[in-house]
There are 2 protein chains.
Amino acid sequence: MWHLHQYPLCPFSRKVRLLLGEKGVPYSLVRENPWEQRDDFLQMNPAGRTPVMRDAERNITLADSVAISEYIDETVSANPMISGTAQYRAEIRRLVAWFDEQFYGDVTQPLLHERMKKRLIDRQPPDSRVLREAMKLANGHLDYVDYLIDHRAWMAGSVMSMADLAAAAQISVADYLGGIDWTGHEQTKAWYAMFKSRPSFRPLLSERMEVITPPKHYEQVDF
Amino acid sequence: MWHLHQYPLCPFSRKVRLLLGEKGVPYSLVRENPWEQRDDFLQMNPAGRTPVMRDAERNITLADSVAISEYIDETVSANPMISGTAQYRAEIRRLVAWFDEQFYGDVTQPLLHERMKKRLIDRQPPDSRVLREAMKLANGHLDYVDYLIDHRAWMAGSVMSMADLAAAAQISVADYLGGIDWTGHEQTKAWYAMFKSRPSFRPLLSERMEVITPPKHYEQVDF
């Protein structure tokens, strides 16, 4: 069986967990705090990042959330998440990179730094200027998602794909950390409400990161 | 025909150009300075990043270097660069992410910022502390590449792959900017010397970015 090394607020691990859930692949969780840079963990992934997936019986270790996602989608045929024409697949991957890099860099990463790392590791208060900037950029990102959902049934087009999972993973962590103001984003809100009710997403939403409490609306399907 | 929007020192555009060269796909270059954030360019790619590939006749626009690479490898069968077993493909993609994210973040990005952007845009001298730190981290990265090349014929295993192209792209930009000290990295040096003589790489090495001159050894196959 797969063991997924992760921590509750890792957006890239959430993306992989949503994929495993949608595809019905069983796995167990192993808690890893990548900021501790444990030797055993660096042995598995020299990049020192979560998620890492390991199947000890088959002696397979996979690292990097994109490499893991492509592997799972290639080897488990149920509910393909990177499918369609080459051009559609390129659009899925463009949006995965958008959320993994742009949304993460603008929003999730600064929120995690200010609201999680500073509290857990540095024992410092967050910088409110950085938080305000991240929330402002989150608002711009949700405008773009509103635009996409206005023109398409799902993030990349007519079917649910890895792009939706990447978006939900980043948005859910930002929402947990109080970084999302949903006012005026009805399209994204409707898409996200539908996502929240999926069996692949429910277990993630019920988990908590120690010390940090999410806002009340975080877990609610109606919010 | 494909038009590739890029600038000479963009490592992600270099990765795509090496792939197009290895596969024999014709294309023409369109110069784009992403830091100008031109409206027309943002229309093609809201992320505002190079590379972007466009085929006007077929009305196809592709953005993000990973999405472009996967598209090209899926649609052009010559010299597959993401091939083999699912596990081998995962290793290729793990290393592509390693060079695109870790090497870029540690080495190429600070070098580009200090030696290109500060000079071209801000008209400021580079910060020698940042340069030293980038060169120190480059040394650690080359140690890892030495280790890989010691155990494998190519970066990801027995055949040349996207991992080699991603590595060569990042290393070549760092080398152009004087960030690589080759002393003590014989394995990586031998692999890179072989790479430099490939027809896919020659045209890139002969190009110059305005104002910035590379070190003498940059273009030489024997260095």
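A, B, ... follow the sequence lines: proteins, then strands. Residue 1 opens every chain. The figures here come from the full heavy-atom set of this structure, side chains too, leaving out hydrogens, waters and symmetry mates.
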Please find the pair of heavy atoms, one from B:Y71 and one from A:A90, that lie closest to each other, and give the distance.
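Result for this residue pair: CD1-CB, 4.1 Å.
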Would you give the length of the straight line joining atom CD of B:E101 to atom CD of A:E101, rounded to the nearest 0.5 angstrom?
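CD of A:E101 is found 5.5 Å from CD of B:E101.
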Go through B:G48, B:A63, B:S65, B:A47 and name the one with the most non-hydrogen pairs under 4.5 angstrom from chain A.
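Top count of heavy-atom pairs under 4.5 Å with chain A: B:A47.
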Under a 4.5 Å heavy-atom cutoff, which of B:Q87, B:R93, B:E91 has the most pairs with chain A?
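Between B:Q87, B:R93, B:E91, the count favours B:R93.
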Taking atom [atom1] of [X] as the centre, report whether more than 12 heavy atoms of other residues, nucleotides or ligands fall under 6.0 Å from it.
X: A:Q43; atom1: CD; result: no
X: A:E36; atom1: CD; result: yes
X: B:D150; atom1: CG; result: yes
X: B:R31; atom1: CZ; result: yes
X: B:D122; atom1: CG; result: yes

Could you tell me which portion of A:I60 (side chain, backbone, both or neither) has an atom closer than 4.5 angstrom to a non-hydrogen atom of chain B?
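Interface part for A:I60: both.
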Is A:R89 close to chain B through its backbone or its side chain, or both, or neither, when contacts mean heavy atoms under 4.5 Å?
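The side chain, not the backbone.
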